[in-house]
Structures are given as structure tokens and as C-alpha cells.
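First up is the structure itself, then whatever we jot down about it.
We use all heavy atoms of the structure for the numbers below, so side chains are in, but hydrogens, waters and symmetry mates are not.
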Amino acid sequence: MLSVDVEKLYPAAKTLVKARAASRIHAKDATLYDFSPEAQACASDYMGWVDLATSPLCDMDAIQAFADEVVEAGLDTILLIGQGGSTQAPMTITKYNKHDSTRVKFRTLDSDSPVRVREMLTICDPHRTLVIISSKSGGTIEPRMLLEAVRASFEKELGEHVVKHLVAITDPGSDLDRQARKEGWRAVFSGEPTVGGRFSALSVFGLVPAALTGIDMEAFMAHAREAEEACSEDAIDNPAINLAAFLYDNYLKGRNKFSFLTPKRGRVLGLWIEQLVAESLGKNGEGILPNIEIDSLLLTEDPGDRSIIMYQTQTDLWDERRNFEMSLAYIDPAIPRLNYRIDTVEELAEHFVMWEYAIAMCGYLMQVCPFDQPDVASAKAEVLDILKNGQPEPDFTEVFTDEVDMGRVEVSFAPMFEGCEDLHETLYALLSSIQPGDFFALNAFLPFTGEGRREAIEQIRHGVAESFGCVSCLEVGPRYLHSTGQLQKGGPNMGVFLILSADELKDIPLPEGASASSLGELAKAQAAGDLVTLVKRGRRCVHLHLPDNSGVTLRQLAQVVDDVIADILTDRALAEAAAMAEDEELAEATVVVEAAEASETAVEAEFAEASQDADAEAVAAEVAAAEGEASEA
């Protein structure tokens with residue numbers, strides 16, 4: 001059962017109990033969000049998730065029977081294609097369970113990088129692979145384009161039988177639903193329209209992948225039911241109330257970010273939490289930023305703008321456990337912290353429920369609707385416009401390497417950086433704008449596989465974090481557009497953004513009539529659309545489109561960023577030294593002036609004293625003379 005190490009009772013917990021927030025959410029009472037007509041209307045449409053554990057809106061026996069049939073048919077690889085909420089919970093469940101399961105190999109494809117797509121196509125045997133296309137709306141551009149690419153490849157091996165390797169999970173009546181039924185796909189699972197994507201972990205979007213992986217579904221749902229009962233109670237020991245109060249009260253104190261710390265096995269849970277929190281609460285100028293990629297040594301001193309949520313997970317290796325424990329030992333105890341533990345994959349269900357209820361309560365406390373994502377839709381519209389009308393021209397291009405010509409980088413930036421004429425100057429302006437309380441986000445539409453790529457990107461992220469003492473996030477495109485992208489655009493203006501994309505050495509073309517001619521074109525349009533949307537929100541942002549995404553090119557870019565950071569720190573040190581010298585000169589001048597003033601004062605005093613003595617002597621002489629005259633008389 002859910003357990004948490006709570007350091008203290010946070011005041012907002014009493015507020016939530018008094019408002020009966022937990023029971024009203026469970027009762028689907030949208031009037032809890034009556035702080036605006038729009039929020040209440042949205043809540044009334046999207047509260048179907050609150051009782052999925054006790055009242056599943058799907059046939060659990062049918063899901064289990066389907067999963068067993070797939071395995072018996074010899075399909076031992078599952079490829080899930082999707083984006084955002086349709087893939088985050090399944091990826092969390094299946095990756096956490098990977099250590100314990102040999103039933104099937106489960107892979108998730110939510111990247112439109114041709115490098116990643118080719119990797120998936122290489123390791124998946126079409127004859128033994130089941131492809132699940134997961135999309136609530138059925139029209140999200142990334143899964144639709146990825147389906148086109150994967151299907152074209154599989155048809156070379158399977159021909160018309162490819163449809164028996166396809167499964168759709170989508171809301172009833174969507175384009176995907178109609179296509180799957182018309183073409184006779186292996187199965188179609190209907191979602192519930194009142195359950196939003198990021199709240200869909202316990203719907204068919206999460207349960208079908210869980211069953212295919214071999215998870216004990218009865219135990220999984222039993223944990224979920226226990227959590228739902230606990231989290232819907234108006235009580236001070238409600239775990240969801242405690243989590244919501246921890247987040248909200250620290251938010252009020254300026255701790256509008258939290259660091260998510262966990263051993264390696266639990267990090268995939270952070271991706272799900274990241275989307276739920278950022279997309280639900282990051283709007284109307286408000287927001288709480290989850291930082292799921294963190295070096296604990298950056299927390300040896302309390303930065304004042306964040307809290308910590310720590311998850312212990314089942315870890316078989318003693319060295320790995322010890323390594324994690326040592327990383328926690330250096331954290332400043334002044335930073336507020338919540339501690340959780342997950343031992344089995346079935347226990348994940350409890351934490352899905354707790355976080356969903358807690359974030360719904362945070363929305364109530366922060367007076368923001370936790371169920372919509374207005375800025376995600378805006379970014380999608382910009383991408384479609386770019387694909388239709390063409391890429392915007394960059395502000396300039398240049399060969400960004402001195403020693404060897406690796407090609408030209410296209411540089412585009414927000415109007416606030418107008419006047420920058422080269423890459424170094426542009427990055428200097430961007431990074432030097434980071435102020436205390438800001439965060440840096442590296443929004444990368446790049447492959448994260450292959451030698452040197454991930455390491456180079458991490459070098460940039462860590463360099464910024466360590467040099468400027470700020471939260472530094474690595475966001476994977478296009479995934480983040482459906483996650484932290486909402487907070488980046490709709491939350492407080494405290495973000496500094498470097499967007500990266502690159503030409504593809506071997507692009508994957510898409511069929512005629514598709515929204516984009518290739519996956520590479522789609523990725524570049526998404527990066528450019530992100531810049532356009534951020535600029536319209538007045539954000540500090542730069543987009544670099546690299547000549548290629550090779551490891552050596554990314555390492556060179558990392559070196560350029562390191563050089564820029566070094567120059568910023570050097571200039572700041574020189575400015576600080578000059579200011580100190582100026583202060584010292586001013587202090588010395590002040591001492592001289594004060595000494596001169598003191599000397600002048602002393603002279604004046606001495607002169608005044610001498611004058612007084614002379615006057616006294618004159619008076620005495622006059623008196624003596626008068627006395628002499630009187631004596632003679």
C-alpha cells in the first residue's frame with residue numbers, strides 16, 4: 001500500500017480536506033473548478049479517469065484473452081507507436097517490468113528521428129512483431145506518419161497480411177478507428193472520450209500493453225483500487241492530499257520546481273510524472289516544473305527554488321543501491337523532500353492513482369484547469385502551417401567550426417536577440433540571460449542512440465546547470481511538445497530554450513499525400529514551429545538546425561557551448577573584479593576625503609581655539625588696564 005515519509009503537515013492539506021476536494025473529484029464534481037466557466041466545463045468533460053480502478057471502462061477478461069492469444073500465435077515483439085499520454089504510461093509499465101519479464105520484447109516508438117525508426121525496423125522481425133498504434137484523437141501527426149513509415153517497411157515482408165499485425169487503441173469514431181475497422185486490423189480497442197491522455201494509465205491505453213507484457217492484471221488493478229479508496233477520502237492522511245499540499249505550499253514559497261531522484265529502474269516513471277505535472281499545471285502564467293534528469297551534487301546547497309521527490313525502487317545490485325544512497329548523502333537537508341518506494345511493477349498502479357488525484361487537487365489550489373493543454377494545440381497548428389507553406393528563413397547561417405568545415409548551421413532566434421551576427425554571440429546572449437530562478441531547456445529533435453550523441457547533448461545540459469546553478473532539462477522532441485512544451489509556453493516566463501534539429505544523412509520518405517514528404521522534414525518543422533510558438537509567448541529562445549546529427553558534429557557543438565560558457569563566466573569574473581576594485585578605490589578615496597575633512601575640521605577647531613585664546617587675552621588686558629587706571633585715580 002502507498003506509504004510516504006512526510007516530514008511535516010503542509011497547510012494546504014487542511015484546505016483540501018475542508019473543501020472536500022478528494023471526494024468531490026471522485027464524484028466527478030466539476031464545480032470544484034468553478035473559479036472559471038472554462039475550467040468547470042473542461043472538468044465536466046474529462047473526469048472519467050477518477051474511478052477507472054473500481055469501475056473499469058473496458059473488458060479486463062477480453063484484454064487478457066487477447067494478450068494470451070497474441071503470445072500463443074508466436075508474436076514475441078510488441079512495437080508501440082504513439083505520442084504523449086498514449087505512450088508514457090505504457091512505457092513506464094513495460095520498462096519497469098523489463099527486468100522481470102521474458103514473455104515479449106516491448107519497444108516504444110515515439111520519435112520521428114529516422115535514425116531511431118531505422119533502429120526499430122532493424123531489430124523487429126515483421127513476422128513476429130505486433131504493431132500497436134495508440135492515439136486518442138486518431139489524428140496526431142507523429143503516430144500517423146510513423147505508422148506510414150513502419151507499415152511501408154512491413155508490407156515488403158508481409159504484403160496484404162500486414163493488417164493482422166496491426167492493432168489500434170483510439171477513441172470511438174476517430175479516423176484511426178474507422179481505418180482499422182475498414183481494413184480489418186487484428187484488433188481495435190476503444191478508449192473513453194472522458195479520459196484525457198495523461199490521465200489514461202488505467203484505461204485501455206495502459207492496460208493492453210501491461211497485459212501483453214505479462215503483468216498480473218488482477219494484482220495490478222487490486223493495487224489501483226486500494227489507492228483509489230485512499231486518495232478519494234477527505235482525510236489528512238490521504239496520500240494524494242499530502243503530495244498536493246507538499247507541491248503547492250512549496251510552490252507558494254518560490255519552490256516552483258522539484259527534482260525527481262530515483263535509481264535507474266525508476267527513471268521511466270519520471271517521464272510520466274513530468275508530463276502529468278507540466279502539462280496539467282503549466283498554464284495562465286503558473287506552473288510547477290519537474291526536473292527528472294538531475295545530478296544530486298547540484299543540490300549540496302539549497303538553491304531556494306526547488307524541492308525533492310525521491311523514489312526508492314527494487315534494485316538487485318548492491319553496488320547500484322549503494323551508488324544511489326551515496327548520491328543522496330550530499331543533498332542539503334534544508335531542501336524539502338518527500339520519499340516514496342516502489343518494489344513491484346504492480347505497485348506502479350498505486351502511484352498512477354496518487355499522482356493523478358494530487359495534480360487534480362493542485363489545479364484546484366492553483367486555480368488552473370488541470371485537464372486542458374491550450375498551448376500544445378497552438379504548437380501543432382504552427383507545425384501544420386510550416387509544412388503547408390514552407391520553412392521560415394533563418395536569421396543567418398555559418399560554418400560553426402574553426403578547424404574543419406562540418407557544414408553550415410542555420411540560426412534562428414527570438415527578436416530580443418536581434419543584432420547577433422554569429423553563433424558565439426547568439427549563444428552568449430541566450431545563456432547570459434539566465435537569471436536566478438530561471439531554468440534552461442535543451443529541446444532536442446535528435447536521435448539519442450549511436451556513439452557520442454547522448455554524451456554530447458548531456459555535456460551541454462550539465463555544463464549549463466553547473467555553471468549557472470539553474471535547473472537544466474533535456475527534452476526529447478517531439479515527445480516534450482506533448483509534455484513540458486505546455487509549461488514552456490503557458491507557464492511563467494522563467495525558461496531559456498535552445499532548440500536543436502539536424503539534416504538527416506539518410507532520411508525516410510513518406511507516401512505521397514502525407515503531411516510531410518519525409519520524417520526529417522517533419523522533425524525540422526516541429527522544431528521551427530516550437531520556436532515560433534515560444535517567440536509569440538515572449539520567451540528567450542534560439543533554434544539551431546545542424547548540418548547533420550552525427551556524434552562528431554554534436555560533440556563540436558558541445559565544445560562551442562563550453563567555450564561560450566567559459567567566456568560568460570570569465571567576463572562575469574572580470575566585471576566582478578572591476579566592481580570590487582572600483583569599490584576599493586571608492587573606499588580609499590572616501591578614507592582620503594574623510595581624513596582631509598577631519599584635518600580641516602581639526603585646523604578649524606585649532607584656529608577657533610586660538611582665536612578664543614586671543615580674545616580672552618585681549619579682554620584680560622583691557623580689564624588689567626582698566627584696573628590700573630582705577631588704581632591711579
Side-chain angles (χ1 to χ4, degrees), residues 10 12 33 35-36 38-39 42-43 46 84-85 88 196-199 243-260 270-294 303-309 336 338 355-379 433-443 470-475 479-497 530 533-541:
Y10 286 86
Y33 303 97
F35 46 80
S36 83
E38 296 78 13
C42 182
Y46 289 104
Q88 293 291 19
R198 59 187 178 275
F199 288 85
L243 174 55
F246 172 83
L247 293 171
Y248 178 70
D249 284 326
N250 280 302
Y251 169 77
L252 292 181
K253 295 174 183 176
R255 297 183 184 273
N256 54 7
K257 312 169 187 71
F258 69 83
S259 298
F260 181 80
L271 292 173
W272 180 82
I273 291 173
E274 179 184 49
Q275 180 187 17
L276 179 70
V277 176
E279 195 172 25
S280 297
L281 304 180
K283 56 201 74 169
N284 303 334
E286 307 291 342
I288 296 175
L289 174 70
N291 184 208
I292 63 169
E293 300 276 356
I294 183 69
D305 66 342
R306 67 203 81 167
S307 56
I308 292 173
I309 293 180
L338 280 186
W355 276 94
E356 288 171 350
Y357 267 81
I359 296 309
M361 293 181 202
C362 272
Y364 161 73
L365 292 168
M366 296 171 65
Q367 303 282 281
V368 299
C369 177
F371 308 116
D372 64 354
Q373 50 281 331
D375 296 288
V376 172
S378 299
S433 74
I434 298 174
Q435 301 297 318
D438 284 342
F439 72 90
F440 172 75
L442 185 60
N443 296 343
C470 66
V471 166
S472 184
C473 309
L474 177 56
E475 303 293 355
R479 177 192 299 161
Y480 79 89
L481 293 174
H482 305 266
S483 177
T484 49
Q486 170 61 47
L487 180 139
Q488 290 180 4
K489 302 169 184 70
N493 193 353
M494 60 180 182
V496 174
F497 307 101
D530 193 36
T533 312
L534 288 167
V535 166
K536 288 182 177 180
R537 305 298 190 274
R539 293 344 192 199
R540 293 160 284 173
C541 48

Open item on the list: List the residues meeting side chain to side chain contact (heavy atoms under 4.5 Å, CB included) with Asp375, not counting sequence neighbours, and say none if there are none.
Closed with: Gln486, Lys489, Arg537

TODO: Over all heavy atoms of both residues, which pair between Arg255 and Ser307 is shortest? Give the atoms and the distance, please.
DONE: CB-N, 4.4 Å

Open item on the list: Tell me whether Ser378 contacts the main-chain N or O of Pro374 through its side chain, where contact means a donor paired with an acceptor under 3.5 Å.
Closed with: yes

Open item on the list: Less than 4.5 Å apart, side chain to side chain, heavy atoms only: is that true for Tyr33 and Phe371?
Closed with: yes

Task: Heavy-atom side-chain proximity of Asp438 to Cys470 below 4.5 angstrom - done: no

TODO: For Asn493, enumerate each residue passing the side chain to side chain contact (heavy atoms under 4.5 Å, CB included) test, keeping only those at least two apart in sequence or located in another chain.
DONE: Arg539, Arg540

Open item on the list: Just so I know, are the side chains of Thr484 and Phe439 near enough to count as touching, which here means a heavy-atom distance under 4.5 Å?
Closed with: no

Contacts table for residues 355-363: side-chain donor-acceptor under 3.5 angstrom, sequence neighbours left out:
unit_1, atom_1, unit_2, atom_2, d
Trp355, NE1, Tyr311, OH, 2.9
Tyr357, OH, Val50, O, 2.8

Open item on the list: For Val277, run the side chain to side chain contact (heavy atoms under 4.5 Å, CB included) check against Leu487, Ile292, Ile288 and tell me which one passes.
Closed with: Ile288

Task: Sidechain-backbone polar pair: Lys283 side chain, Val368 backbone, donor-acceptor under 3.5 Å - done: no

Open item on the list: By the definition side chain to side chain contact (heavy atoms under 4.5 Å, CB included), identify the one residue from Ile273, Asp305, Asn291 that meets it with Phe258.
Closed with: Ile273

Task: Sub-4.5 Å side-chain heavy-atom contact between Ser472 and Leu442 - done: no

Open item on the list: We want to know whether Asp530 and Gln488 form a side-chain donor-acceptor pair, criterion being a heavy-atom distance below 3.5 angstrom.
Closed with: no

